[in-house]
Structure formats: C-alpha cells, structure tokens
Amino acid sequence: ASAALMVTVTLVTVTIATAVFLFAACQPADPKQKEKDAIIERAFKFVREQLIDSFGLVESYPYQARSIPERPHYKREALSESAGLWMQITVQKGQKEWFDRQVKVLEDHFLLPDNALSWRLAVSPEGITRDPSNATIDDLRVVGALLEAHALWKEDRYKRLALNIAKSLTGKAVHENLLLHQSLSGSSSEEPRIVDLSYLDLSVMDRIAQYDPSWRAVYDKSAGLLL
C-alpha cells in the first residue's frame, strides 16, 4: 500500500513539474511547439479536473482516497510542493483566476504563524491539519511564483506575501548565509543544520534579493557552492 501511495504522489508531482518544464522550455521557433502546448494543456486540464479537491488543494493521493470508501479514517494529503508547482504553471499560462485560487488556499491552509509554509496538510472529515514543519525548497518555489505573478499582473499583494515568506526563511532557515533544508525550531542548539544543494534555487534567491538586500549574501554564498 505504501508503495502505491508513493507512486501516486510521484505521478502528481511529475505531471505538474513536466508541464512547468515544457512551458519554460518552449521557444517561439520550436518546431515541436504545438506538441508541447498540447502536453501542457492536457496536464493543466488533468490537474484542474482530477487532482484539485473541494478545498482547492492539489491532492497527493486522489485515486486511493476515492477507491477506498470503506476506510473513512484514510488521510488525504496535500503538499506545498504540489501547490508551488501548480502556482508556477498557472502564472506561466497567464491563468490569473486559478493562480488567485491557489494563493487563497496558501493563505488559508498552508501558511504557518511564522509565515513559513507547512510542507504537508492532512485532510480528514474533521478538517485540515497542518504539519508544523516546512521544506525550504517548496517555500522558495512558492516565493518565486508569487514574484513572477507580481511582475506579470502588478499586484503588490503577491510581492508582500512572497517577501513575508522569504523573511520567515531568513529568520529561521538561513545559517551563515546558507539556506537550510528546513527551518530550525529553536528548541535546541544541537538541531542539525543541513544544506541540501538541490534546494538552492539561485534564480529565486536573486529575485528576492532585488527587494530584500539581505538575500544577496545568501545568493552569493549559494552560487559559490554551485557554480
């Protein structure tokens, strides 16, 4: 059962991520443009019609949840990773209505008191429960999508939310100008300080630094590790 769940959540992530990648890779003179556009549109339709639940969350395990009605205790889940990927593709496609819906989901359900994002939500008949931990790669992805939306639609609320999330990361997830894989709880000075190189999204860090100069040092040190 656990293997099946892993396959499903991987499918959800890969579906959205593939669409994001293809959209970003498309060039006006690309002879395969129409083929790529068709794939992107199918992925967009699939997520919109099959993966988004009544709360507006991008479900991780939709098929298992629907196929096991005799297990009401079965926990459905939604990840900030999926939310960020969905925000990326909606802004890249210029789908402001769908982007705004996900921003509301973000504010209503994923946003933690310190403005970081819960990495996972558990959905049950009793409601939605936030995991208190975050994953900085997913927070950065959301910040990048919000700043891209601000550049496209010129709405300051996107930038404010993006910078609030970034400020939370600065306060709890940046150590010696390096972004940790997860925010520190502050409960112990012996908490592991792990830097995952795949989490260091230089393009988003550079965009944040245009508004918050404290991120320039984070960008520079991260670039020194990667480049």
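In what follows, residues are counted from 1 in the order of the sequence shown.
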To the nearest 0.5 Å, tell me how far Arg101 CZ sits from Ile52 CD1.
8.0 Å
Where do Lys45 and Arg42 land on the side-chain contact (heavy atoms from CB on, under 4.5 Å) test, with the steps shown first?
CA-CA 5 Å; Lys45 182 179 180 181; Arg42 286 198 298 271; 5.8 Å; no
Separation between CD1 of Ile40 and CD of Glu35, rounded to the nearest 0.5 Å
11.0 Å
Which heavy atom of Thr170 sits nearest to which heavy atom of Ser214, and what is that distance?
CG2-OG, 4.3 Å
Check whether Ser82 reaches the backbone of Ala78 with its side chain - one donor and one acceptor, N or O, closer than 3.5 Å.
no
Verify side-chain contact (heavy atoms from CB on, under 4.5 Å) between Trp215 and Gln210, making sure each step is shown before the conclusion.
CA-CA 8 Å; Trp215 274 81; Gln210 295 175 29; over 6 Å; no
Among the clusters formed by ILVMFWY side chains lying less than 4.5 Å apart, do Leu178 and Met205 turn up in the same one?
yes
Can you tell if the side chain of Tyr219 reaches within under 4.5 Å of the side chain of Ile208, non-hydrogen atoms only?
no
Between Leu79 and Leu121, is there a side-chain heavy-atom distance shorter than 4.5 Å?
no
In one Ile/Leu/Val/Met/Phe/Trp/Tyr side-chain cluster, 4.5 Å: Val195, Val204
yes
Kindly indicate, with the supporting measurements, whether the criterion side-chain contact (heavy atoms from CB on, under 4.5 Å) is fulfilled by Asp100 and Tyr158.
CA-CA 9 Å; Asp100 284 343; Tyr158 301 140; 2.4 Å; yes
Going by heavy atoms in the side chains, are Leu117 and Asp138 under 4.5 Å from each other?
no
Closest non-hydrogen contact found for Ala145 with Met87 is CB-CB, 3.9 Å
Between Lys96 and Glu155, does at least one N-O distance fall below 4.0 Å, as a salt bridge requires?
yes
Answer yes when Glu41 and Lys93 have at least one side-chain N-carboxylate O distance shorter than 4.0 Å, and no when they do not.
yes
Apply salt bridge (Lys or Arg N to Asp or Glu O under 4.0 Å) to residues Asp212 and Lys167 and explain how you reach the verdict.
CA-CA 9 Å; Asp212 181 349; Lys167 185 176 180 180; over 6 Å; no
Check whether any side-chain heavy atom of Thr129 lies under 4.5 Å from a side-chain heavy atom of Ser124, and answer yes or no.
no
Heavy-atom side-chain proximity of Val105 to Asp108 below 4.5 angstrom:
no
Name of the residue among Leu147, Leu161, Leu85, Ile165 meeting side chain to side chain contact (heavy atoms under 4.5 Å, CB included) with Val142:
Ile165
Please say yes or no: joined through hydrophobic side-chain contacts below 4.5 Å, possibly via intermediate residues, are Ile128 and Val103 part of one cluster?
yes
Hey, are Asp201 and Arg141 close enough for a salt bridge, meaning a charged N less than 4.0 Å from a carboxylate O?
no
Report yes or no: does Thr136 contribute a side-chain atom to a donor-acceptor pair with the main-chain N or O of Leu180 at less than 3.5 Å?
yes
Asp53 side chain reached by Arg76 side chain, heavy atoms, under 4.5 Å:
yes
Start with the C-alpha gap between Trp153 and Phe99, add the side-chain angles, then the distance that decides, and say whether ring-ring contact (aromatic ring centres under 6.0 Å, His included) holds.
CA-CA 11 Å; Trp153 292 309; Phe99 184 84; 5.7 Å; yes
Spacing of Glu176 atom CD and Lys221 atom NZ [to the nearest 0.5 Å]
5.5 Å
So, taking the atom named NZ in Lys172 and the one named CG in Asp114, what distance separates them when rounded to the nearest 0.5 Å?
4.5 Å
Measure the acute angle between the ring planes of His181 and Tyr199, then classify it against the limits of 30° and 60° as parallel, tilted or perpendicular.
tilted
Kindly assign one of parallel, tilted or perpendicular to the pair His109 and Phe55, based on the angle between their ring planes and the thresholds 30° and 60°.
perpendicular
In the single-linkage hydrophobic clustering (I, L, V, M, F, W, Y; side-chain heavy atoms under 4.5 Å), do Ile137 and Leu106 co-cluster?
no
Any donor-acceptor pair under 3.5 Å linking the side chain of Ser118 with the backbone of Asp131?
yes
Give the minimum heavy-atom separation between Asn115 and Asn164, together with the two atoms involved.
CB-O, 3.6 Å
Would you say the side-chain atoms of Asp139 and Asn134 include a donor-acceptor pair closer than 3.5 Å?
yes
Any chance you could measure Arg207, atom CZ, to Leu146, atom CG, to the nearest 0.5 Å?
11.0 Å
When rounded to the nearest 0.5 Å, the distance separating CG of Leu57 from CZ of Phe110 is 5.5 Å
Quick one: are Leu179 and Leu140 in side-chain contact, heavy atoms under 4.5 Å?
yes
Could you check Glu148 against Leu152 for side-chain contact (heavy atoms from CB on, under 4.5 Å), going step by step and ending with a plain yes or no?
CA-CA 6 Å; Glu148 191 174 345; Leu152 179 62; 5.8 Å; no
Under 3.5 Å donor-acceptor, Ser168 side chain and Ala116 backbone
yes
If two hydrophobic side chains count as joined below 4.5 Å and joins carry through other members, does Phe46 share a cluster with Trp98?
yes
